[in-house]
Amino acid sequence: MYVAVKGGERAIDNAHAWLAEVRRGDRDVPELTVAQIREQMTLAVNRVMAEGSLYDPDLAALAIKQARGDLIEAIFLVRAYRTTLPRLGSSAPVETGAMAVTRRISATFKDLPGGQILGPTFDYTHRLIDFALAAEGADAAEPAMPAVDKVEEVPHVMEFLNKDGLIQSELQEGAQVPDLTREPMELPASRPLRLQALARSDEGFLLSLAYSTQRGYGRTHAFVGELRIGTVAVEMEVPELGFPVEIGEIELTECETVNQFTGSKTEPAQFTRGYGLVLGQSERKAISMSLVDRALRWRELGEDFSGAPAQDEEFVLMHADNIQATGFLEHIKLPHYVDFQAELELIRKLRRETEPSDLAAEEQP
Amino acid sequence: MNARIFYENSETSQEFRCAERPLLAVRGLTKRYGERIGCAEVSFNLWPGEVLGIVGESGSGKSTLLSCLAGHLAPDEGEVVFATAEGPRDTVTMSEAERRRLARTDWAFVHQNPRDGLRMGVSAGGNVGERLMAVGARNYGAIRGRALDWLERVEIAADRIDDRPRAFSGGMQQRLQIARNLVTGPRLVFMDEPTGGLDVSVQARLLDLLRGLVREMGLSVIIVTHDLAVVRLLADRLMVMKGGRVVEQGLTDQVLDDPRHAYTQLLVSSVLQV
Amino acid sequence: MSDYNFAYLDEQTKRMIRRAILKGVAIPGYQVPFASREMPMPYGWGTGGVQVTAACLTPDDVLKVIDQGADDTTNAVSIRRFFQKTAGVEVTEATAEATIIQTRHRIPETPLTEGQILVYQVPIPEPLRFLEPRETETRRMHELEEYGLMHVKLYEDIARHGTIATSYDYPVRVEGRYVMDPSPIPKFDNPKLSGNPALQLFGAGREQRIYALPPYTQVVSLDFEDHPFVASKAEHDCDLCGASDSYLDEVITDDQGNRMFVCSDTDYCRTRRAAGLVGRLGGEAA
Ligand SMILES: Nc1ncnc2c1ncn2[C@@H]1O[C@H](COP(=O)(O)OP(=O)(O)OP(=O)(O)O)[C@@H](O)[C@H]1O
Ligand SMILES: [Mg+2]
């Protein structure tokens, strides 16, 4: 006869043990090291750092290992860890104009000061599975790394346009930038807050939104003015010293788009901008971010709201975070039997009240 | 106070002669869209129980003016003083909260497109009942009774009460919108082309209905239209707009029978010729 | 986990949450925005409740955690363990012994007393959300007390089904002012919200909201005069303890369609059976 289910504790312990076992996989295959993940799965590591909002390649690699390669799970681990870290201060804004670039392209100018630098890109690879990579240990013959001239400071493409007044100047919005992780999101959001949210939001979600703007849902006629990837110095003001001190370097991807113009009879026409900045090498995300940023600026630029999802700040910001999304989505697998029971009683009552004779017949086949 | 003296000579003045103050006093109302003028320097008084028609060609600023009066658009200049229960208040400068309170109690707005004024996902009864519930009605039977009563008044069959507006014809939707707006007996009703977009025969029926309701309830109405037949039937007084400005105003019959302004003459003659 | 602060959150964060709680207590039913932290459990799994509990816990507290009324459901176990590890507080399954009770979807059957705190996990704190998806708009509706739409929904229910077809997550009005979402408790529990001697706190992590019902707050379930709110449950007694006044789970016992009804509040049921009360099948099951 019925005995109320007990054993939640044991079930959880067993599930954890099983998880550890499948994480390891076949024990005849050597265990992955965190260093291997960090060095050879760099783009996965980059995504986890970007969406986890924490620049720490070792930690991201460890999270990927622990999460069995599930990147959203890994991002979750990093986020949960990040929350517990003390805030010692904030850095000075990084100077992306002084970036040591590994890649820098512009789609708007054929040639430009600093040149086009392709860098390590998949762009012109033919997407053919390279079975040679399956032969392990074959990387003894190191591919010759092309000699690259040490690139000096590469100026921002947008500055060339800005000099002529052809593109809108970015507003200096004042000193205090809000911190999304310390204050509740307030809508309507300022642009800095929006950009902050986009920078840590889900790559797939941003990609689809950006794509939708290209297909006409909030079109902004974007050109990639400049895409650059490289390292920048992070500096912090130390009050005792009175001058900024470099505390390290991080890799960033920055994208600036040139978009359709504003202007009227009184104000001369100007191109407008979209901006994307992402931790690590993550250009799909940086480009997506700048398109979505630009689409969200419709009000400020006096454009119409066409009802496109990418223009809808509340829709975008409230649904872009994959940790929030995945948690809430997956919570529906938690027990809901109290609520279900309430629904069951209600539906029985409603059925009793409508056509009782028919239902009685139906229930006794 | 020229306007008042004017009224006291007119036939329709009985109800509002006693009123001390205008229900709505508009002064110097201006709205620009960048360089373009939406409406400019509009001033008038609306007295309780009066129906004011606003006519003019397409683009003359009728909808802009109405939106500014109803608080849907913020004017650049001017004031719109409404006689609230607590005394006259400028609705332009009052808080959004107060304006919205007015919008769901003292005011009603009938949109040209019933889809803008109805909840398309809510039954006809729910649509009519919403304003009642918003002001505190809490008896389902009574709300439903009022809804049935109003459906009958706007000639919608009682057995359609649980249907959604989607299942209604354009004319029915518009009548439903009118019922939804009038159910709480608002003190001021704004209408933007309530008969626009409807078939001619449907228009005539709707007009009849509106005229009946206005007379019966003694409504104060500001109605925008480009159809002179509508104003002749409904409006006590008429305002003619062109290029965002009021070019002529007066008693409807006087303006239509003896138009002073060249533009009004053109408007009247063009209609008569049709 | 020894590296973490007492009850996981750092003191500054707790202070921030306590401020939000105090504001919530001062304005019963009003949703206070707070900077919800990322917790080591997923959003939607009680992160709001966990943060509120963490901010309220002291080392002397006795904690009880339930999900669906039961102490032994997996998520309740997981959250209880979390606080055992991070705060080392004493835990209990006995409602009367607990000083803080964190719950998902139920209010315990045993009446709460002064000094107790009941913390609810809330998935969607906004009672108007499914009538109006925009936060900017719903906040304004609260500000202006524009609650007509809420009754339109109830009206539509009755027009379509003959009765208010909301069986859980049933909206309430607090002290005649704010309309509040009581979290997805069955409407059977709604009357316990009102005039409760305990402090009731509601935490929504993902949506970054905290709200509260101070002790003895008046809470009214929305209804119509002629279709009054009814707190309903299965028309049975508990098959184990015989209780006729407790909310019941329906359990399918075989593939012949046989079923039994048992208290969803496991502590309540166990206490009654310990006192010798027996239901229809209680003898067999024991
Ligand atoms: N949102 C807007 N932005 C810019 N200009 C506008 C806007 N709305 C209206 N206008 C302009 O303002 C003027 C008045 O327009 P309005 O819609 O008030 O005219 P109307 O008299 O209602 O016309 P119709 O009879 O066609 O409805 C027109 O020149 C119109 O183009
Ligand atoms: Mg118009």
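All chains are named by letter (A, B, ...) in the order of the sequence lines, taking the proteins before the strands, and each is independently numbered beginning at 1.
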Practice task
Counting only heavy atoms closer than 4.5 Å, note whether C:Tyr147 contacts chain B via side chain, backbone, both or neither.
Solution key: neither

Completion exercise
Applying a strict 4.5 Å limit to non-hydrogen atoms, the region of C:Glu146 in contact with chain B is both

Problem - Flag, side chain of C:Asp226 to backbone of B:Gly141, donor-acceptor distance under 3.5 Å - result: yes

Problem - Backbone N/O of C:Gly148 and side chain of B:Glu130: donor-acceptor pair under 3.5 Å - result: no

Exercise for the section: Give, for atom CE of B:Met133 and atom CG of C:Leu222, the distance between the pair rounded to the nearest 0.5 Å. Expected result: 12.0 Å

Crowded around [X] [atom1]? As in, over 12 foreign heavy atoms under 6.0 Å?
| X | atom1 | result |
| --- | --- | --- |
| C:Glu137 | CD | yes |
| B:Arg115 | CZ | no |
| C:Gln218 | CD | yes |

Problem - Best-contacting candidate, C:Glu143, C:Met150, C:Arg160, C:Lys153, against chain B by heavy atom pairs under 4.5 angstrom - result: C:Arg160

Exercise for the section: Return the minimal non-hydrogen interatomic distance between B:Ser123 and C:Glu156, and the atom names on each side. Expected result: OG-OE2, 2.5 Å

Fill in the blank from the handout: Correct closest heavy-atom pair for C:Ala159 and B:Arg144 would be CB-NH1, 3.9 Å

Practice task
Please lay out, stage by stage, how C:Arg140 and B:Arg100 fare under the test side chain to side chain contact (heavy atoms under 4.5 Å, CB included).
Solution key: CA-CA 10 Å; C:Arg140 178 163 299 150; B:Arg100 282 171 70 138; 3.0 Å; yes

Exercise for the section: Please state whether the side chain, the backbone, both or neither of B:Arg131 comes within less than 4.5 Å of a heavy atom of chain C. Expected result: neither

Exercise for the section: Side chain from CB out, backbone as N, CA, C, O: work out which of these in B:Asn139 comes under 4.5 Å of a heavy atom of chain C, or both, or neither. Expected result: both

Exercise for the section: Assess whether side chain to side chain contact (heavy atoms under 4.5 Å, CB included) is satisfied between B:Ile143 and C:Tyr155, documenting all intermediate values. Expected result: CA-CA 9 Å; B:Ile143 293 164; C:Tyr155 170 94; 4.2 Å; yes

Practice task
Hey, can you tell me if B:Tyr140 and C:His227 have their rings parallel, tilted or perpendicular (30° and 60° cut-offs)?
Solution key: perpendicular

